[in-house]
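Since the structure comes first, as structure tokens, the remarks are kept for the end.
Heavy atoms only: backbone and side chains are in, while hydrogens, waters and symmetry mates are out. Chain naming here is simple, since letters A, B, ... match the order of the sequence lines and numbering starts at 1 in each.
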2 protein chains.
Amino acid sequence: MISQAEENYLKALFHLTNEMQGKIEAGTNELAEILDVKPATANNMLKKLKEKEWVSYEKYGKITLTDKGKSLAVETVRKHRLWETFLYEKLNFTWDEVHEVAEQLEHIKSDKLVQQLERFLDFPETDPHGDPIPNAKGEIKFVNRKTLAEVEVGKTCKLISVKDNSSSFLQYVVKLGLGLSSKIKIISRQDFDGSMEIEVNKVRSSISKKVAQNLFVV
Amino acid sequence: MISQAEENYLKALFHLTNEMQGKIEAGTNELAEILDVKPATANNMLKKLKEKEWVSYEKYGKITLTDKGKSLAVETVRKHRLWETFLYEKLNFTWDEVHEVAEQLEHIKSDKLVQQLERFLDFPETDPHGDPIPNAKGEIKFVNRKTLAEVEVGKTCKLISVKDNSSSFLQYVVKLGLGLSSKIKIISRQDFDGSMEIEVNKVRSSISKKVAQNLFVV
DNA sequence: TAACGAAGTTAGATTAATCTAACAAATTTT
DNA sequence: AAAATTTGTTAGATTAATCTAACTTCGTTA
Ligand SMILES: [Mn+2]
Ligand SMILES: [Mn+2]
Ligand SMILES: [Mn+2]
Ligand SMILES: [Mn+2]
């Protein structure tokens, strides 16, 4: 029986290796970092995951998910995003509130629950942050997207998802007048720090490069 | 922060002491029994619960919940029954399937979730087994009920709740043609073993005393 | 009331998940 | 290539929840 901790590690590895543009392997420290544990702890867990054949990794080497590990991770991601959608669509949660509770709900073990929840939500394709929801077979509908930081000055684009799911970031995004599907026009960009001025619904704001890199657009 | 195990112990104590007719205190062994752990384990946990002032108990003495402990237990019962209702009403679960999943869902920590779930379900008063759902203040609408074993021969009564929530028992109840609100007529009762013949929708069945004691009627 | 069986407790071990501190290897910088 | 920095590992300790085996206390019955 897979534990909650194990599910969290596999999910984190999936985010690091499969959902990151141009990355297919992860390191102990970055894994520890996003799980908010010490590297020693992650290292200890890695040994267990390797033993169970959910990751492949050798001492001092890089970490990758095995097929089995990836499929377990995707199942957890699927549950996470279905629950976020449920909270948002049915229980009046805002998009900055759903993540924390979904972190707990994703660990509930019941195949029927997931299947019925998906039907109840009418087979949603994306969660409240614009991220794709894997289907029952573990297939993920990939959307070609880039970050706002990569868009040229003068162009207009549409926000389709956010990278950082923290409530502080999401609340800031709302404050900028942004939500999923918002049209964003790039007014100007500073060369030296990558900060930029954008226009949303006729309102102009200045945002840092860091912020722009956390907004995915098409 | 209260752990899942602690919540399970408090809930079990609540069932033993507050929801059992004519019982206000529990023993270590029966507590261990319903939680499916060894007496030594329960004893160990009892020390922690006492330390946290959620139970009052002295070595070799009886166990009772403190006010704080009772209120925590009721909150967990409330969540359990709301989730059971959700699974039954919205996700097409049958009444013998809801308990196991609710055992997990009851531990999710989010006040907003509980409050919104209750609203979403339109403030249900009872769960799929006929048990009352405590309100947000922890108040429970008590219904005067007796077990089928106590009903006189010749009388007709109505099933309002079941004591045993195990799926094997619930499936047996369904097989008898029974569900909540079913009318049951007592045809006869054997003196020596308390078994009885009942009639439900013109169909007669014979049930043991044990079964009759697990059916609550008015 | 003494003994017996039931109920309850203690001691010591185990497992999972975490930590700190010290150490080792790998990579980058000078 | 040596030094410095970053990355990763090990050893040992801690906490929560569980177990088994042995022991103690309680309550009932002869
Ligand atoms: Mn989680
Ligand atoms: Mn999300
Ligand atoms: Mn439970
Ligand atoms: Mn119930």
Side-chain angles (χ1 to χ4, degrees), chain A residues 1-13 15-17 20 23-65 69 72-73 76 103-104 106-109, chain B residues 1-13 15-17 20 23-65 69 72-73 76 103-104 106-109:
Chain A
M1 178 79 125
I2 190 168
S3 70
Q4 296 199 182
E6 287 166 341
E7 287 180 340
N8 286 336
Y9 280 89
L10 293 180
K11 186 157 65 83
L13 282 168
H15 291 323
L16 281 173
T17 60
M20 279 293 252
K23 274 203 69 193
I24 50 157
E25 46 184 30
T28 306
N29 286 10
E30 58 180 347
L31 176 59
E33 164 94 43
I34 69 171
L35 286 167
D36 199 24
V37 296
K38 300 298 168 192
T41 306
N43 182 261
N44 176 66
M45 180 60 91
L46 247 8
K47 289 175 184 170
K48 286 182 218 164
L49 298 179
K50 182 197 159 97
E51 186 56 39
K52 295 190 170 184
E53 300 187 307
W54 292 337
V55 304
S56 72
Y57 124 99
E58 298 303 328
K59 205 197 281 190
Y60 292 107
K62 289 301 181 182
I63 313 155
T64 54
L65 287 170
L72 287 168
T76 304
E103 272 303 312
Q104 301 175 60
E106 70 190 1
H107 303 293
I108 304 294
K109 279 158 185 72
Chain B
M1 179 81 125
I2 190 168
S3 71
Q4 295 199 183
E6 287 167 341
E7 287 181 341
N8 285 337
Y9 280 88
L10 293 179
K11 185 157 65 84
L13 283 168
H15 292 322
L16 282 173
T17 60
M20 280 293 252
K23 273 203 69 192
I24 49 157
E25 45 184 31
T28 307
N29 287 10
E30 58 179 347
L31 176 58
E33 165 93 42
I34 68 170
L35 286 167
D36 199 25
V37 296
K38 301 297 167 193
T41 306
N43 182 261
N44 176 66
M45 180 60 92
L46 247 9
K47 289 176 184 170
K48 286 181 217 163
L49 298 179
K50 184 197 159 96
E51 187 56 38
K52 294 189 172 185
E53 300 188 307
W54 293 336
V55 303
S56 73
Y57 126 98
E58 298 303 327
K59 207 196 282 192
Y60 292 107
K62 290 299 182 183
I63 313 155
T64 55
L65 287 168
L72 287 168
T76 303
E103 272 301 312
Q104 301 176 59
E106 70 190 0
H107 302 293
I108 304 295
K109 282 161 183 67

task: Compare side-chain N and O positions of A:Asn43 against OP1 and OP2 of D:dT9 and report whether any pair is under 4.0 Å apart.
output: yes
field: Upstream residue (5' side of DNA chain D) when A:Tyr57 and B:Asp36 are each assigned their closest nucleotide
entry: A:Tyr57
task: Assign B:Ala42 to base, sugar-phosphate, or nothing according to its heavy-atom contacts below 4.0 angstrom with the strands shown.
output: nothing
- prompt: To the nearest Å, how far apart are A:Glu51 CD and C:dT15 P?
  reply: 14 Å
task: Indicate, with a heavy-atom threshold strictly under 4.0 Å, whether B:Thr28 touches base, sugar-phosphate, or nothing.
output: sugar-phosphate
message: From CE of A:Met45 over to C1' of C:dA16, roughly how many Å is that when rounded to an integer?
response: 8 Å
message: Looking at C:dT9, I'd like to know if its phosphate oxygens (OP1 or OP2) sit under 4.0 Å from a side-chain N or O belonging to B:Lys38.
response: no
- prompt: Between A:Leu46 (CG) and C:dA17 (P), how many Å, whole number?
  reply: 13 Å
query: Taking atom C1' of D:dT6 as reference, at what distance in whole Å does atom CD of A:Glu30 sit?
result: 13 Å
- request: Take the protein atom NZ of A:Lys50 and the nucleotide atom C1' of D:dT9, then report the distance between them rounded to whole Å.
  value: 14 Å
Residue A:Val37, side-chain heavy atoms: nucleotide from C:dG8, C:dA11, C:dC19 that is nearest: C:dC19
- prompt: Can you find a pair of side-chain heavy atoms, one from B:Ile2 and one from B:Leu10, that are under 4.5 Å apart?
  reply: yes
query: Distance check: side-chain N/O of B:Asn44 vs OP1/OP2 of D:dA17, anything under 4.0 Å?
result: no
- request: Rounded to the nearest angstrom, tell me the gap between atom CD in A:Glu7 and atom C1' in C:dA17.
  value: 15 Å
Side-chain touch B:Tyr57/B:Leu13, heavy atoms, less than 4.5 angstrom: no
Separation of A:Trp54 CH2 from A:Leu72 CG (nearest 0.5 Å): 6.0 Å
message: Do A:Lys50 and A:Ile63 make a side-chain contact, defined as non-hydrogen atoms from C-beta onward lying under 4.5 Å apart?
response: no
statement: Taken to the nearest whole Å, CD/B:Glu33 to P/C:dA7 is 10 Å
- request: For C:dT9, take OP1 and OP2 only and decide whether either is under 4.0 Å from a side-chain N or O of B:Lys47.
  value: no
query: Which nucleotide sits closest to the side chain of B:Lys48: C:dA11, C:dT18, D:dA16?
result: D:dA16
- request: Could you pull out the closest heavy-atom pair between A:Val37 and A:Ala42, with the gap in Å?
  value: CG2-N, 4.2 Å
- request: Let me know, please, whether A:Ala5 or A:Lys59 comes out on the 5' side of the other along DNA chain C by nearest nucleotide.
  value: A:Ala5
message: If the cut-off is 4.0 Å, is B:Thr41 near the phosphate of D:dC19, judged by side-chain N/O to OP1 or OP2?
response: yes
field: Validation row: B:Leu46, B:Leu31 side chains within 4.5 angstrom (heavy atoms)
entry: yes
message: Strictly below 4.0 Å: does B:Tyr60 bring a side-chain N or O up to OP1 or OP2 of D:dC23?
response: no
- request: Name the closest nucleotide to the B:Tyr9 side chain, picking from D:dT18, C:dA16, D:dC19.
  value: D:dT18
task: Give a yes/no on whether any side-chain N or O of B:Lys62 is located under 4.0 angstrom from OP1 or OP2 of C:dG8.
output: yes
task: Send over the distance from B:Ile63 CD1 to D:dC26 C1', rounded to a whole Å.
output: 15 Å
